[in-house]
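Here's the structure, in structure tokens; my notes come after.
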Amino acid sequence: MHYTLGAVTAKALVTTVRNSFNGAGVRMAEAGGVWKLQPDLLLGAKYMYMKGNEEVGNNHAHQASAAIQYPQDWSDMEWTWAHAGVNC
């Protein structure tokens with residue numbers, strides 16, 4: 001789902017995956033947003049949490065990332081972007 005309020009678009013996603021052969025499964029939740037700083041400059045960030053069931057050792061993971069995008073050429077929609085992320 002996406003919600004836009006002014007220059008900010010917020011998004012959220014929940015996904016569940018299950019292997020029917022061995023019962024392994026993972027649940028994932030993600031939340032993030034994109035800010036339109038200028039008409040041609042975007043800044044985005046997101047956080048993701050993943051949790052496995054007993055079949056995958058109840059493992060869990062966190063992921064956070066941020067990116068900035070700027071178009072180089074509007075006719076080709078070439079974007080220059082920088083991305084930084086961390087997994088733990």
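Side chains included, hydrogens not; waters and symmetry mates left out as well; all remaining heavy atoms used.
- Between the side chain of Asn22 and the backbone N or O of Glu55 there is no donor-acceptor pair closer than 3.5 Å.
- In the hydrophobic cluster analysis, where Ile, Leu, Val, Met, Phe, Trp and Tyr join through side-chain heavy atoms closer than 4.5 angstrom, Leu37 is grouped together with Val8.
- Of all non-hydrogen atoms in Val56 and Gly25, the two that sit nearest each other are CG2-O, 3.8 Å.
- When atom types are taken as modelled, the side chain of Asn19 and the backbone of Ala24 share no donor-acceptor pair closer than 3.5 angstrom.
- One distance of note links CD1 of Ile68 with CG of Leu42; it measures 8.5 Å at 0.5 Å rounding.
- Linking Ile, Leu, Val, Met, Phe, Trp and Tyr residues whenever their side-chain heavy atoms come within less than 4.5 Å places Leu13 and Met50 in a single cluster.
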| field | side-chain contact (heavy atoms from CB on, under 4.5 Å) between Met28 and Thr16, worked out | value | CA-CA 6 Å; Met28 184 273 297; Thr16 302; over 6 Å; no
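- Leu43 contributes atom CG, which lies 9.5 Å from atom CD of Gln69 (distance to the nearest 0.5 angstrom).
- Atoms NE2 and OH, on His62 and Tyr47 in that order, are 4.5 Å from each other to the nearest 0.5 Å.
- Distance check: His60 NE2 to Arg27 CZ gives 15.0 Å after rounding to the nearest 0.5 Å.
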| task | Decide side-chain contact (heavy atoms from CB on, under 4.5 Å) for Lys46 and Gln63; before the verdict, give the C-alpha distance in whole Å, the side-chain angles of both, and the deciding distance to 0.1 Å. | result | CA-CA 8 Å; Lys46 71 177 180 177; Gln63 183 178 21; 5.6 Å; no
